[in-house]
Amino acid sequence: MNSEKAVIPDNRIEDRDLQGIIEGLKKPEKEISPKFFYDEKGSQLFDSITEQPEYYPTQTEIAIMRENVGDMAQRIGKQASLIEFGSGSSLKTPILLENLDELAAYVPVDISKEHLLASSEALSRDYPHIEILPVVADFTHPFDLPTPKVMPKKNIVYFPGSTIGNFPPEAALDLLRTMHTEAGEGGALLIGVDLQKDIHTLEAAYNDAAGVTAEFNLNMLEHLNREFGTDFDVTAFSHLATYNPVLGRIEMRLVSHARQEVHVGGETITIEKGEAILTETSQKYTLEGFAKLAEPAGFRVEKVWTDKDSLFSVQYLVRD
């Protein structure tokens, strides 16, 4: 790898995460943050989800990227630092790396250390001329950027996929504000935004026939049991994903089939039979709706690229 630099979360972040888990499970409708999907196994399962025939976002976004990467590269310009939030396996990143001129650095940011470093190693072998600086961090909070050997002319925050939809509007606005800060003066944001469409297509994408999304959802509890010492009975839960037309979002839950008491950081949480834990919401936007969301964060939509069926969009936002 061109650089081994990585920022590792400290104990304060782990304490904050544990407190967040407890607070979420004490809410009238129990919930757990979707960031806890992404241990090493969860990251691998998500990669598998993107390969399922029902899951349209990934292949649609890749097609948009390939068709329009020349325009994207022209807007980004030379000697930029590409900062990818939630990089995972960096599946779409090579499309940019192969087309950006004189890239100053690529900075993948992810909470799953093992998965991040493995994908960074693989990219370093394919692109030895690019300085790759992986950062292990929770990107929902501000973090320190590494210093590349070549001083970037601008920072481009890259947030592919439909992950922005996993955040409720207020939290999405907070994240956009963090991106605005990390982009810095003269910087920009290249982001994937899933669009509103028919319910059948939406629900099928989160209930694949192979059951990979269900396994991904349940793995969250296995992750918490291992990482935070909780004792969820994973076998007593099942996956449920439905579209909420009023709020315009997919809602993913884990439903308990038995009453159980779960111990979390010294607290005891009772989960009743039939009670559900909300694990993910995936907001689907109109183009106008997303532009309106981004405006108070200090971003202005400069360009939107979509597929012919308007299933998905990739958007380039500049700082006002």
Side-chain angles (χ1 to χ4, degrees), residues 1-14 17 35 38-40 42-44 46-47 65 69 72-73 75-161 163-164 175-192 314 316-319:
M1 187 181 299
N2 294 336
S3 174
E4 295 295 337
K5 181 178 178 65
V7 180
I8 312 300
D10 59 24
N11 290 334
R12 287 172 297 176
I13 294 177
E14 293 181 2
D17 284 344
K35 71 182 180 182
Y38 298 102
D39 61 351
E40 185 174 10
S43 296
Q44 292 170 349
F46 182 75
D47 290 345
M65 294 287 295
V69 69
M72 295 174 189
R75 292 174 188 278
I76 291 170
K78 294 183 178 182
Q79 205 173 309
S81 180
L82 185 68
I83 305 160
E84 183 172 356
F85 278 39
S87 57
S89 293
S90 302
L91 185 64
K92 301 143 194 150
T93 311
I95 301 172
L96 287 175
L97 298 185
E98 290 167 5
N99 289 275
L100 293 179
D101 290 335
E102 302 170 20
L103 193 65
Y106 169 57
V107 183
V109 184
D110 202 272
I111 199 169
S112 176
K113 178 183 176 182
E114 294 81 3
H115 206 62
L116 171 67
L117 296 182
S119 62
S120 297
E121 289 280 3
L123 285 173
S124 286
R125 289 192 293 270
D126 292 338
Y127 304 96
H129 60 291
I130 297 175
E131 186 177 20
I132 297 178
L133 300 169
V135 174
V136 180
D138 177 358
F139 62 75
T140 62
H141 300 277
F143 57 91
D144 293 330
L145 288 172
T147 303
K149 295 174 184 176
V150 176
M151 183 59 64
K153 291 183 177 179
K154 69 167 77 169
N155 289 336
I156 304 296
V157 174
Y158 181 41
F159 199 41
T163 311
I164 190 65
L175 179 56
L176 287 166
R177 286 177 171 141
T178 296
M179 293 174 169
H180 186 273
T181 299
E182 300 293 347
E185 187 176 353
L189 168 63
L190 184 65
I191 186 170
V314 178
Y316 188 80
L317 288 75
V318 295
R319 284 177 42 132

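If you take OG1 on T163 and CZ on F85, they are separated by 12.0 Å, rounding to the nearest 0.5 Å. The distance from atom CE of M179 to atom CG of L317, rounded to the nearest 0.5 Å, is 10.0 Å. One distance of note links CD of E121 with CG of L116; it measures 10.5 Å at 0.5 Å rounding. Rounding to the nearest 0.5 Å gives a distance of 6.5 Å between CG of L97 and CD1 of I132. In this structure, CG on D110 lies 10.0 Å from CG on L117, to the nearest 0.5 angstrom. Rounding to the nearest 0.5 Å gives a distance of 4.5 Å between CE of M72 and CE of M65.
Side chains of T140 and D138: a donor-acceptor N/O pair is present below 3.5 angstrom, by distance only.
In this structure, L96 and L190 have side chains that are in contact, with non-hydrogen atoms separated by less than 4.5 Å. Between D47 and H115, the closest side-chain pair of non-hydrogen atoms falls below 4.5 Å. Between L176 and L189 the shortest side-chain heavy-atom distance falls below 4.5 Å. Side-chain atoms of N155 and L145, non-hydrogen and from C-beta on, do get closer than 4.5 Å to each other.
Classified by interplanar angle (parallel below 30°, tilted 30° to 60°, perpendicular above 60°), the ring pair F159/F139 is perpendicular.
Residues L123 and P94 approach most closely at CD2-CG, 4.1 Å, considering heavy atoms. The two residues I111 and Y38 make their nearest non-hydrogen contact at CG2-O, 3.9 Å. Residues R75 and K154 share a closest heavy-atom pair of O-NZ, 3.4 Å. When all heavy atoms of A105 and L133 are compared, the pair lying nearest together is CB-CD1, 4.4 Å. Nearest heavy atoms, A104 versus P152: CB-CA, 3.9 Å. Heavy atoms only, all atoms of each residue included: P142 and E182 are closest at CA-OE2, 3.8 Å.
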Next item on the list: For the pair Q79 and V150, evaluate side chain to side chain contact (heavy atoms under 4.5 Å, CB included) and give the outcome as yes or no after the intermediate values.
Entry: CA-CA 8 Å; Q79 205 173 309; V150 176; 3.6 Å; yes
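Aromatic ring centres of Y106 and Y127: separated by at least 6.0 Å.
Judged by distance alone, the side chain of E84 and the main-chain N or O of T93 form no donor-acceptor pair under 3.5 Å.
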